[in-house]
Amino acid sequence: MANYWLMKSEPDVFSIDQLKKDKKSLWDGVRNYQARNFMMNDMKVGDLVLFYHSNAKPPGVAGLAKISKEAVPDPTQFQKNGEYFDPKASKENPRWFCVEVAYKNKFKELVPLDDLREKKGLEDMLVIKKGQRLSIQPVTKKQFDIVCKMGGL
DNA sequence: GCCAACGTTGGC
DNA sequence: GCCAACGTTGGC
């Protein structure tokens, strides 16, 4: 039974176009325990993902991705001079994990956050809730299907 | 650039 | 284990 997710990324840092170009990518740099736990415990290969552009004009869902590899230790936590270095993590005892995601497709047009807010059936989506900063969120199949349709799929 | 909401850290 | 201080996220 597949699960569905929404994953946020700032397009200036990593966009759907970049994923399309790279085909697949480690979802590294996540430094939030709740988000990590979703990747570590709940994400399975084949799960589908709404790729969300945050801090964008406008913010919204840009396309779809799919989980292509289950969680592995996030290599960026060991990179001493990197932005995501964590001095409390060790190879023997890694603190952060990340999954690999593969490009699936890009919506013809971005589905803006404002439209998600207004759409019937999406009232319970976490992403439209005020103050919801979690960068990886579970999504129901129903919500996923509605957003896909809004994206023209 | 502002700032509300939230998560994390560390002193006690 | 509380909670104030601080840092970050992310819409606006």
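Here is how names work: the chains are called A, B, and so on, in the same order as the sequence lines, proteins then strands, and each is numbered from 1.
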Path from A:Trp5 to A:Trp27 over hydrophobic side-chain contacts below 4.5 Å: yes
Before we go on, tell me: are the rings of A:Tyr33 and A:Trp96 under 6.0 Å apart, centre to centre? yes
Gap between atoms CG and P, on A:Asp86 and B:dG7 respectively (whole Å): 19 Å
What is the separation between atom CG on A:Asn32 and atom P on B:dT9, rounded to the nearest whole Å? 11 Å
Tell me whether A:Gln77 contacts the main-chain N or O of A:Pro75 through its side chain, where contact means a donor paired with an acceptor under 3.5 Å. no
Using only side-chain N and O atoms of A:Tyr52, determine if any of them is under 4.0 Å from OP1 or OP2 of C:dG11. yes
Side-chain N or O of A:Lys8 versus OP1/OP2 of C:dT9: is the shortest distance under 4.0 Å? no
C:dC12, B:dA4, B:dC6: which one has an atom nearest the side-chain heavy atoms of A:Leu113? C:dC12
Options C:dG11, B:dG7, C:dG10, nucleotide nearest the side-chain atoms of A:Arg117: C:dG11
Closest to side chain of A:Arg133, choosing from C:dT9, C:dG11, B:dT8: C:dT9
Whole-Å distance separating the CG atom of A:Asn55 from the C1' atom of B:dC3: 13 Å
Phosphate OP1/OP2 of C:dG11: any A:Lys130 side-chain N/O under 4.0 Å: no
Measure CG/A:Asp12 against C1'/C:dG10 and give the value in whole Å, please. 13 Å
Residue pair A:Asp74 / A:Thr76, side-chain donor-acceptor N/O under 3.5 Å: yes
CZ of A:Arg95 versus C1' of B:dT9: gap in Å, rounded? 11 Å
Between P of C:dG11 and CG of A:Leu116, the distance in whole Å: 11 Å
May I ask whether A:Phe38 and A:Ile67 are part of the same hydrophobic cluster, defined by side-chain heavy atoms of I, L, V, M, F, W, Y residues being less than 4.5 angstrom apart, directly or through others? yes
Quick one: A:Tyr33 OH to C:dG7 P, roughly how many Å, whole number? 18 Å
How do A:Lys88 and A:Gln34 order along DNA chain B: which one's closest nucleotide is nearer the 5' end? A:Gln34
How many whole angstroms separate atom CD of A:Gln137 from atom C1' of C:dG10? 12 Å
